[in-house]
2 protein chains.
Amino acid sequence: MPINYFIEQLQAKGVKITPQRQEIIKVFLESQDLHLSAEEVHRRITVKFPSMSLDTVYRNLSMLQKLGILTELNFGDRKSLFEINNSQHHHHLICTKCGGSQEIEFCPLDFLDKQHIKNFKVQKHSFEIFGICANCMQ
Amino acid sequence: MPINYFIEQLQAKGVKITPQRQEIIKVFLESQDLHLSAEEVHRRITVKFPSMSLDTVYRNLSMLQKLGILTELNFGDRKSLFEINNSQHHHHLICTKCGGSQEIEFCPLDFLDKQHIKNFKVQKHSFEIFGICANCMQ
DNA sequence: TCCTAATTAGGAATTATTACTATTTAAGAT
DNA sequence: ATCTTAAATAGTAATAATTCCTAATTAGGA
């Protein structure tokens with residue numbers, strides 16, 4: 001997805017298109033890493049724009065997540081990671097040794113009997129598998 | 001499960017049976033709430049034993065989790081919750097409005113095609129569904 | 001009863017995130 | 001093109017959860 005695709009979403013929601021916001025989206029689009037922490041996003045931007053405030057990063061990550069442009073991930077280490085929604089819905093295998101992760105396309109909701117969630121309005125869900133990856137296995 | 005069941009597990013692992021440890025286990029066994037934070041465990045114990053250190057709570061929760069006596073839960077609010085393993089494996093529906101949770105017996109691993117996780121040694125997994133519970137719905 | 005490694009209390013330090021406030025700015029109106 | 005203003009930002013302080021540190025205590029074996 002080109003950056004304009006996301007900029008248009010912002011315009012449609014009536015939020016201002018600031019240079020800071022554009023930089024944050026660019027970082028995700030240019031990143032090889034799929035998952036970035038607020039700190040890491042900030043670090044990458046301040047290389048070129050040293051005045052970017054960490055608060056601005058947090059504020060915008062949160063806003064972009066609410067708009068559905070980013071997904072927030074919690075791998076249980078009490079720091080949030082974010083990934084941009086430019087591929088299909090998926091979940092993750094996370095290596096507890098090296099910290100790396102891979103995507104799996106399996107989604108539990110496809111197998112969940114609706115009996116289990118009646119009288120409950122589902123908003124979102126999380127599913128992660130933790131273990132040792134092939135690399136770390138030997 | 002009586003408390004002795006857990007004490008014996010500790011003895012079998014060769015850790016010392018301190019009063020502090022026994023209190024922590026008691027708190028879980030006596031609690032109607034299924035999920036307790038470190039802070040909450042500490043709060044309940046200091047009513048009777050004001051000198052219990054918060055550090056001791058953290059250290060022991062972590063130890064009890066590694067021994068398989070407790071399960072650590074992360075509902076994405078960057079604070080860990082713990083529950084004692086005295087019922088069968090389950091997952092949770094979590095209400096984003098009131099914070100309450102209910103158990104569901106469905107487990108994704110029962111439906112996961114082993115193709116998805118080949119070359120990966122599974123250690124643990126998380127699965128939570130977030131939404132609005134029946135009470136908060138009206 | 002003695003010994004010692006394990007454990008603890010108390011407080012300081014760390015990490016991630018949120019709050020606050022004065023200043024700046026995007027973008028619609030004139 | 002300029003003006004206006006609500007939204008957004010920078011910089012810093014505050015908060016929350018957790019971990020680290022160290023001297024003192026203690027469980028449990030000898």
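The model shown is predicted, which means the values in this text are computed figures rather than measured ones. A, B, ... follow the sequence lines: proteins, then strands. Residue 1 opens every chain.
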Side-chain heavy-atom pair B:Arg44, B:Ser31 within 4.5 angstrom cut-off: yes
Whichever of A:Pro50 and A:Met63 has the more 5' nearest nucleotide on DNA chain D, that residue is A:Met63
* To do: Take the angle between the ring planes of A:Phe75 and A:Phe130 and call it parallel below 30°, perpendicular above 60°, tilted in between.
  => perpendicular
How would you label the contact of A:Ser37 with the nucleic acid (heavy atoms, under 4.0 Å): base, sugar-phosphate, or nothing? nothing
Query raised in the report: Which part of the nucleic acid, if any, lies within reach of B:Asn60 when heavy atoms closer than 4.0 Å are counted: base, sugar-phosphate only, or nothing?
Result: sugar-phosphate
- Does a side-chain heavy-atom distance below 4.5 Å link B:Leu93 with B:Cys133? no
Quick one, A:Gln102 and A:His92 - any side-chain contact, counting heavy atoms below 4.5 Å? no
- Item | Close aromatic pair by centroid cut-off 6.0 Å: B:Phe111 and B:Phe106 | yes
(message) Checking side-chain polar atoms at under 3.5 Å, does B:Thr96 have a donor or acceptor matched by the opposite partner on A:Gln123?
(response) yes
The residue, B:Met52 or B:Arg78, whose nearest nucleotide of DNA chain C is more 5′ is B:Met52
When rounded to whole Å, the CG to P distance for the pair A:Leu54 and D:dT9 reads 13 Å
Expected list for residues 8-27 of chain A near DNA chain D, using heavy atoms below 4.0 Å, is A:Val15, A:Lys16, A:Thr18, A:Gln20, A:Arg21
Chain A vs DNA chain C, heavy-atom contacts under 4.0 Å, first-to-last nucleotide span, 5' to 3', is C:dA16 to C:dA27
Quiz item: Are B:His42 and B:Tyr58 an aromatic pair by the rule of ring centers under 6.0 Å?
Solution: no
(Q) Less than 4.5 Å apart, side chain to side chain, heavy atoms only: is that true for A:Thr18 and A:Gln22? (A) no
Correct closest heavy-atom pair for A:Ile132 and A:Lys97 would be CD1-CB, 4.3 Å
With a sphere of 6.0 Å drawn around NZ of A:Lys114, does it hold more than 12 non-hydrogen atoms of other residues, nucleotides or ligands?
yes
With five pairs defining each end axis, the helix from C:dT1-D:dA30 to C:dT30-D:dA1 comes out bent, to 10°, by 30°
